[in-house]
Amino acid sequence: MDRIRIVGGAKLNGTIPISGAKNAALPLMIASLLTDRTVTLENLPRLADVSQLVRILSNHGVDYSIDGRRQGEGSEAGQTVHMTAREIVDTTAPYELVSRMRASFWVIAPLLARCGEARVSLPGGCAIGTRPVDLLLMALEKLGGSIEIEGGYAVAKAPKGLRGAEITFPKVTVGGTHVALMAAALAQGTTVLHNAAREPEVIDLAELLNKMGAKITGAGQSTVEITGVARLNGAKHRVLPDRIEAGTYAMAVAMTGGDVLLEGAQAHDFQAALDVLALSGATVESTNEGVRVSRNGGPILPVDVETAPFPAFPTDLQAQFMALMTRANGVSRITETIFENRFMHVQELARFGARIKLDGDSAVVEGVPVLKGAPVMATDLRASASLVIAALAAEGETMIQRVYHLDRGFEALERKLSLCGAEVERISAGG
Ligand code: UD1
């Protein structure tokens, strides 16, 4: 298994190109199941989760091809891929494939909408708390699907097709909103979603679906209206920039000091996080090329943060922000309201000498003047990023084990950081 070795202390200076968003790429790719025509996605990131989803979609009959790199294009340029589900050859998504990535459960929506049936393994346990799919299934039932749980599978049927409906989510769910959008796009009649997720990735999916011929209005707001159509066409779409990747590097710069342009990042996609960074003493500037973050000399100030659905501070940046606060000049309180149990990074951050106490759904972080490098273990995707941030500022060497978690969601992390002056290297298994 690969490891990442970081020697802390260097400031970050330069430009980091921001990749296409993993959390947009996954639903966009899944949407290719809705049509027998070709869906072309540009700026698709090279990530382990993307490769895993390709395997799952191929099993349903999606043909997948990648354009060669154009002359002069760097290896960090996103890929252009073409996906065509001319025929759905299998409506079952088996446990071996689905259990490795929760978002793959979302294939249930296009399979049910297009084929009238789907048999999808329920996702297994997850390191960041129970993440049920009850609201996703509720949405499909409202649309006229019948759902049975059999042998660990959700078996969905709608032999006469889906029908538009009013769907009210009791809790904001990104996955639930994606599933409802995809299913309602091919349902008969009009669907109205209430309390829909407003995340930029939801807007990105709705934009692709509309290019494919869907009739969706209001994506990005709490109420979304979808008028179903009989069939969808192919389309071409560029994956939006990854706000979580951009936010992670923004926190890294706030931690180490320096000055970095996050090329391609869109400030409005993670404004709440940028506002918090500014309060912590970093300088944040939105430019035509992206977002520029710097901190020169001043202390890191403590800021209290509470995660909540978009447009509030994202749970996917909570661990990274906690890493920053371990070096703050005072005490901060970080409250996690989306996922219980999303504090596994606390124990690993303690290995650097961080002082963090858990208090229910909050972590109370008492900033310390120095962190010290240590051997640590990545536990989940975003938690791993927090270890990288701590390591970049720690004295001495840190060795991060289980970096496959990072590879799920951060494209070329060690290259992007080294280009800005960090001492980071990947040690390949056996190397
Ligand atoms: C997506 C993101 C993930 C992010 C999360 C919240 C992707 C691939 N993943 O995950 O990175 O952390 O949004 O922004 O885009 N819930 C239920 N029942 C359900 C579904 C969800 O109770 O049927 C709960 C969850 O347990 C959680 C909350 O709703 O407490 C939000 O979850 P949700 O927005 O659905 O997260 P995901 O879509 O799985």
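Computed from a predicted structure; not experimentally measured. Counting starts at 1 for both ligands and their atoms, following the listed order.
Counting heavy atoms only, Phe339 comes closest to atom 27 (C) of ligand 1 of the residues Phe339, Phe169, Phe310, Phe105.
The aromatic rings of Phe410 and Tyr249 sit perpendicular to each other, their planes meeting at more than 60°, with 30° as the lower class boundary.
The shortest distance between side-chain heavy atoms of Thr173 and Leu136 falls below 4.5 Å. Side-chain atoms of Met255 and Leu371, non-hydrogen and from C-beta on, do get closer than 4.5 Å to each other. Contact check for Lys22 versus Asp242: side-chain heavy atoms found under the 4.5 Å cut-off.
With 3.5 Å as the limit, one finds no donor-acceptor pair spanning the side chains of Thr307 and Thr315. Donor-acceptor pairing under 3.5 Å is recorded for the side chains of Lys416 and Ser19.
Residue contacts with ligand 1: Gly176 is placed with no nitrogen or oxygen under 3.5 Å of a nitrogen or oxygen of the ligand (distance criterion only). The shortest N or O to N or O distance between Glu199 and ligand 1 is not below 3.5 Å. For the pair Thr173 and ligand 1, the shortest N or O to N or O distance falls below 3.5 Å. Geometrically, ligand 1 and Asp316 share a nitrogen or oxygen pair separated by less than 3.5 Å.
With Asp49 as the partner, the salt bridge (charged side-chain N to carboxylate O under 4.0 Å, His left out) test is satisfied by one option alone out of Arg408, Arg55, Arg102, Arg100: Arg408.
Contact annotation: Pro132 has at least one heavy atom less than 4.0 Å from an atom of ligand 1. Within the structure, ligand 1 has Lys171 among the residues with a heavy atom less than 4.0 angstrom away. Residue contact annotation: Asp49 has no non-hydrogen atom under 4.0 Å from ligand 1.
Set against the non-hydrogen atoms of Gly175, the atoms of ligand 1 under 4.0 Å away are 35 (O), 38 (O). Near Thr315, with a cut-off below 4.0 Å to any heavy atom, the atoms of ligand 1 are 6 (C), 12 (O), 14 (O). Residue Trp106 approaches ligand 1 through these ligand atoms, each under 4.0 Å from one of its heavy atoms: 7 (C), 8 (C), 15 (O), 38 (O). Against a heavy-atom cut-off of under 4.0 Å, Ile338 is close to the following atoms of ligand 1: 27 (C), 30 (O), 31 (C). Within ligand 1, counting atoms from 1 as listed, the ones closer than 4.0 Å to a heavy atom of Arg342 are 12 (O).
Using a 4.0 Å cut-off between charged nitrogen and carboxylate oxygen, Lys157 and Glu117 do not count as a salt-bridge pair.
The CE atom of Met377 sits 10.5 Å away from atom CG of Leu387, with the distance rounded to the nearest 0.5 Å.
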